[in-house]
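Following: one structure in structure tokens, then a few remarks.
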Amino acid sequence: MSSIPAQNQRVVSGMRPTGRLHLGHYHGVLKNWVELQHSYECLFFVADWHALTTHYEEPGVIADNVWDMVIDWLAAGVSPGAAKLFIQSRVPEHAELHLLLSMITPLGWLERVPTYKDQQERLKERDLATYGFLGYPLLQSADILIYKAGQVPVGEDQVAHVELTREVARRFNHLYGREPGFEEKAEAAIDKMGKKNAKMYRELRKSYQEQGDDQALDVARALLDSQQNISIGDRERLFGYLEGSGKIILPEPQALLTKASKMPGLDGQKMSKSYGNTIALREEPAEVEKKLRTMPTDPARVRRTDPGEPEKCPVWPLHQVYSDDDTKEWVQQGCRSAGIGCLECKGPVIEAVLAELKPIRERAQEYIDDPGAVRSVIAEGCEAARDIAEETLDEVKKAMGLAYR
Ligand code: TRP
Ligand code: SF4
């Protein structure tokens with residue numbers, strides 16, 4: 001059994017609906033989600049508010065892409081039976097938590113997030129000197145903290161946002177997790193676990209606090225997690241008491257770094273919409289074939305008889321994704337000796353991409369033909385997400401002194 005407490009096993013991730021998904025998304029993100037959904041409680045959502053922070057002048061783009069994106073997820077194998085799928089703006093608790101967190105988040109923390117300046121530079125044609133754009137990473141923090149997520153699968157560029165989330169959670173717990181008589185209450189809570197567990201908790205806490213034993217911390221958390229008889233408040237106290245501070249109301253999440261997508265585009269650069277080098281998940285087979293047949297190769301191979309060098313050819317990285325060792329050997333030999341032609345060389349890649357996309361296209365078609373099914377997957381996901389979100393928001397409001405009625 002894993003020693004990570006169950007609350008750390010909730011996984012949350014979002015994707016902005018700003019365009020059709022392509023093979024880069026599939027290899028970089030979706031395959032990972034499909035794997036995670038079987039090991040963790042997963043919540044995946046369409047980050048439509050986040051899309052609005054950059055696309056507020058063209059809101060139609062978002063509406064067009066929301067449902068197509070959900071269909072792409074389902075087609076890629078994200079399963080509504082295993083994961084909760086929903087739309088951010090249909091769980092308004094995210095917005096309320098964002099507002100409440102904004103009260104305690106120093107401006108400097110947001111101004112210092114690297115994506116803030118980077119994106120403003122990169123997207124010069126958009127006016128991103130807005131309040132909403134500055135708050136982008138804090139909204140993301142709310143997305144994560146509202147579910148007390150333990151793991152957040154993200155790419156390298158988003159790690160700073162998870163780091164901000166951790167800082168905000170820490171500040172929140174520091175400000176609102178304190179209570180008069182915390183230590184006495186924590187000690188009393190320990191005793192409620194029964195003699196054996198209480199002894200174990202005290203020993204583990206000591207190992208962690210005196211020797212910095214992280215494993216003891218993990219085991220102690222797992223112990224707390226398995227306790228049926230203690231209240232939520234006591235559990236939070238005891239989580240906090242392990243580290244000595246106060247109650248842990250919002251646990252700090254970890255970034256689950258997605259291995260950088262190796263998915264190369266049609267020109268050898270990383271596959272990305274902004275490079276115009278993509279193959280969409282639902283691209284017609286004839287179009288896929290055409291794109292691959294016409295993609296550039298090593299310019300040294302002007303004539304069929306000119307030898308080439310795979311390292312200088314954008315087709316080679318595709319072989320590295322799709323081909324077995326024998327095929328790769330065949331490419332290396334054949335290219336350097338001019339024993340094979342480029343079209344011949346592309347053959348196995350074309351076949352592999354078509355084979356990969358075929359079931360995706362078929363599954364997508366089923367959902368395109370049954371829009372009601374997609375709507376109800378999302379309706380169910382929104383409802384399930386709201387149940388969790390409401391609970392957290394209640395705790396947060398109580399902690400912030402907003403629980404009067
Ligand atoms: N900002 C993320 C991106 O651009 C999308 C996102 C929004 C997200 N909220 C999130 C990712 C919460 C993980 C968790 O990719
Ligand atoms: Fe590229 Fe293959 Fe042609 Fe060599 S033979 S240049 S690897 S497409």
Side-chain angles (χ1 to χ4, degrees), residues 10-19 21 25 28-29 32-33 36 42-55 69 86-89 91 94 97-98 113 115-116 118-119 133 135-147 149-162 164-165 253-258 261 264 266 268 292-320 323 327-350 385:
R10 196 175 276 152
V11 164
V12 171
S13 202
M15 209 188 273
R16 293 150 30 96
T18 50
L21 300 192
H25 297 110
V29 182
N32 190 35
W33 285 12
L36 288 168
C42 288
L43 294 118
F44 299 130
F45 66 94
V46 181
D48 54 349
W49 279 331
H50 276 108
L52 210 49
T53 63
T54 50
H55 289 60
M69 193 161 90
F86 63 97
I87 297 171
Q88 185 185 34
S89 66
V91 185
H94 291 224
L97 183 59
H98 178 207
V113 172
T115 44
Y116 179 58
D118 290 356
Q119 293 288 88
F133 189 68
Y136 183 113
L138 189 63
L139 177 58
Q140 186 164 348
S141 300
D143 297 337
I144 296 167
L145 296 175
I146 196 95
Y147 302 107
Q151 310 270 348
V152 186
V154 286
E156 194 84 59
D157 62 319
Q158 297 288 310
V159 171
H161 295 178
V162 180
L164 173 81
T165 305
Q254 299 282 348
L256 192 61
L257 197 59
T258 317
S261 168
L266 293 163
L292 289 165
R293 287 169 76 98
T294 55
M295 71 180 277
T297 61
D298 178 359
R301 297 206 69 182
V302 182
R303 273 159 303 204
R304 166 71 177 76
T305 48
D306 294 331
E309 172 49 53
E311 297 296 338
K312 294 181 183 159
C313 173
V315 180
W316 175 237
L318 288 171
H319 274 293
Q320 284 172 314
S323 298
T327 310
K328 283 190 272 191
E329 185 57 32
W330 169 80
V331 171
Q332 300 243 9
Q333 293 266 346
C335 181
R336 291 179 182 137
S337 64
I340 57 172
C342 287
L343 263 185
E344 202 179 346
C345 176
K346 289 172 174 178
V349 169
I350 294 175

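Just follow the structure's listing: the first ligand is 1, and inside any ligand the first atom is 1.
Residue nearest to atom 1 (N) of ligand 1, selected from Tyr136, Phe45, Phe44: Tyr136 (by heavy-atom distance). Within the set Met15, His161, Gln140, His50, the minimum heavy-atom distance to atom 10 (C) of ligand 1 is found for Gln140.
Contact atoms of ligand 1 toward Asp143: 7 (C), 9 (N), 10 (C), 12 (C) (distance under 4.0 Å to a heavy atom of the residue). Every atom of ligand 1 with a heavy atom of Ser13 under 4.0 Å away is listed here by number and element: 11 (C), 13 (C), 14 (C).
The backbone N or O of Cys313 sits nowhere less than 3.5 Å from a side-chain atom of Thr297 that would complete a donor-acceptor pair. Within the 3.5 Å criterion, the main-chain N or O of Leu256 finds no donor-acceptor partner in the side chain of Gln151. The main-chain N or O of Trp316 is never found under 3.5 Å from a side-chain atom of Lys328 such that the two would form a donor-acceptor pair. Using modelled atom types, one side-chain atom of His319 and one backbone atom of Cys345 make a donor-acceptor pair closer than 3.5 Å. Here the side chain of Arg304 pairs a donor or acceptor atom with the backbone of Gly339 at under 3.5 angstrom.
Residues passing the side chain to side chain contact (heavy atoms under 4.5 Å, CB included) test with Gln158 are Gln140, Val154, His161, sequence neighbours excluded.
The aromatic ring centres of Tyr147 and Phe44 sit 6.0 Å or more apart.
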Worksheet item: Lys346 and Leu318: side-chain contact (heavy atoms from CB on, under 4.5 Å), yes or no, with the steps?
Response: CA-CA 9 Å; Lys346 289 172 174 178; Leu318 288 171; over 6 Å; no
Practice prompt. Determine, stepwise, if the pair Tyr136 / Gln119 fulfils side-chain contact (heavy atoms from CB on, under 4.5 Å).
Written response: CA-CA 11 Å; Tyr136 183 113; Gln119 293 288 88; over 6 Å; no
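No part of Gln88 comes within 4.0 Å of ligand 1, judged by heavy-atom distances. The part of Val152 lying near ligand 1 is the side chain, judged by heavy-atom distances below 4.0 Å.
Here the protein heavy atom with the shortest distance to atom 2 (C) of ligand 1 is Gln158 OE1, 3.2 Å. Closest to atom 6 (C) of ligand 1, if we only count protein heavy atoms, is Gly14 O, 3.7 Å.
Here Asp298 does not pair with Arg301 in a salt bridge; the nearest charged N to carboxylate O distance is not below 4.0 Å.
For atom 2 (Fe) of ligand 2, the nearby protein N/O/S atoms, meaning those under 2.8 Å, are Cys345 SG.
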